S.K.: 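The structure under discussion is supplied below as structure tokens; questions concerning it will follow.
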Amino acid sequence: MGKNDFLTPKAIANRIKAKGLQKLRWYCQMCQKQCRDENGFKCHTMSESHQRQLLLFAEDPDKYLDAYSEEFFDDFMELLRRRFGTRRVHCNIVYNEYIQFKEHIHMNSTKWETLTEFVKWLGREGYVVVDHTEKGWFITYIDRDPEAIKRQEAQAKKEKMDLDDEERIMKFVNKQINKVKEKEGEKEAAVYTELQRKNEEEKIAFSLGRSSAESSSSSHPKDGESSGSSSHTKLGVPKDIKSKSLPSVNPLKTTAATKKGGSSSSKERKRKSALDEIMEEERKKKVKVERTDYWLHEGIVVKVTTARLGDRYRKKKAVIKEVHDKYTAIVKMLDSGDKLKLDQAHVETVIPAQGKLVLVLNGQFRGLKATLLSLDEKKFCVSIKLETGSQRGRLVEGVQYEDISKLAEQSL
């Protein structure tokens, strides 16, 4: 077996060393050659091939530095985005994973001398959020992908709608519970007690032939008659009245007539249950508060949201002059005076300052003018005071942003 044979211990050791990562300072980026020790790196720098590469680098050094720096930046950011996402991570952890790839672009071939300098540059350029602690430099990737931004906006809008729906349902349930409690409280308020007699010797008698009118007239004796004689009467009728001649009445006929005449009135006077009243009230309320999918109205201020018209009109305010087919409007731009025909989906409502007039665009108070009192930014709703209509002066809370808009003419 020869001295430099393939299976000699030295050859095997050299192959094992060549597989692993070596010192960064003994790597030549121009030649893409990794040396195992200082002596090998020195011999490489004195070689003819290395000298030729140095001559090429000397002709345009900025070209090579920029190319290596751009490649290093792209690979580093791709690893940060794919591996760690938007999580906060130590920069050394990212760099250690990056250099595990043996053919990576080394730091000494870029325009950044140290990893700290590279991290600071990323923070200044706005690619990552950088914060320095006692444990070192931490970075957080900023995802500026348009699709990711759209997903975040859609998720936030969905959470807002779910929250609004849950709040409406909870308010409705609580209202129904309070109504049922009030009804039960009224029923419990009527307390029935036992019959109490002040005079045990007083006789009690019942007459089926007497009508309600006669009993009411007989229960109040005329002036000059003694009240003490009532203790020996039937159903509170004095003796002198009882002794007078009364028309003969058949109790069975009177009872039948009373039942026949009072059957219809008893049905009308029959008290409805609490559930029936709640259902009827909600049915009426549903008719009143019926919402529509169109809200455009003349005389309100809107903001253009579509990007199809360019930056000249986007995010600019306009006044609706005419409404066609409920979903299309002719608007006049406030800054330039141009007139445009826009769809309802291309504009949004404008919330004015507190104390300004607004127009209710949807819901129970649709078409009424009101004054904006306060805003709740967490729940995306406002409180208003009605200025027109039959309920003028009423305070309405929890009105959604999209249900009101600023009036162009601030007058009632």
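For the single chain, residues carry numbers from 1 onward in sequence order. Predicted, not measured: the structure shown is a model, and the values here were computed from it.
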S.K.: Does K332 NZ have over 12 foreign heavy atoms under 6.0 Å away?
M.R.: no
S.K.: Does a sphere of radius 6.0 Å around CG in N174 hold more than 12 heavy atoms from other residues, nucleotides or ligands, not counting ones at 6.0 Å or beyond?
M.R.: yes
S.K.: Ignoring hydrogens and angles, tell me if any N or O in the side chain of S69 forms a donor-acceptor pair with the backbone of K111 under 3.5 Å.
M.R.: yes
S.K.: Treating D403 as the side-chain partner and V360 as the backbone partner, does any N or O pair qualify as donor plus acceptor under 3.5 Å?
M.R.: no
S.K.: Hey, what's the ring geometry for W121 with F118, parallel, tilted or perpendicular (30° and 60° as the breaks)?
M.R.: parallel
S.K.: Who are the side-chain hydrogen bond (donor to acceptor under 3.5 Å, both in side chains) partners of D338, not counting sequence neighbours?
M.R.: R312, Y313, S336
S.K.: So with a 6.0 Å cut-off around CD of E397, is the heavy-atom count from everything else above 12?
M.R.: no
S.K.: Looking at E38, I want to see if its CD is surrounded by more than 12 non-hydrogen atoms of other residues, nucleotides or ligands under 6.0 Å.
M.R.: no
S.K.: CD of E125: more than 12 outside heavy atoms within 6.0 angstrom?
M.R.: yes
S.K.: Can you establish whether the number of heavy atoms outside D325 located under 6.0 Å from its atom CG is more than 12?
M.R.: no
S.K.: Cut-off 3.5 Å, side chains only: do D293 and Y327 have a donor facing an acceptor?
M.R.: yes
S.K.: Under the side-chain contact (heavy atoms from CB on, under 4.5 Å) rule, what do R392 and L386 come out as? Steps first, then yes or no, please.
M.R.: CA-CA 5 Å; R392 180 177 182 179; L386 300 179; 5.6 Å; no
S.K.: For E78, check side-chain hydrogen bond (donor to acceptor under 3.5 Å, both in side chains) against everything at least two apart and list the hits.
M.R.: R81
S.K.: Does NZ in K316 sit with more than 12 non-hydrogen atoms of other residues, nucleotides or ligands closer than 6.0 Å?
M.R.: yes
S.K.: Tell me which one of W112, Y68, Y127 satisfies ring pair (Phe, Tyr, Trp, His ring centres under 6.0 Å) with F73.
M.R.: Y127
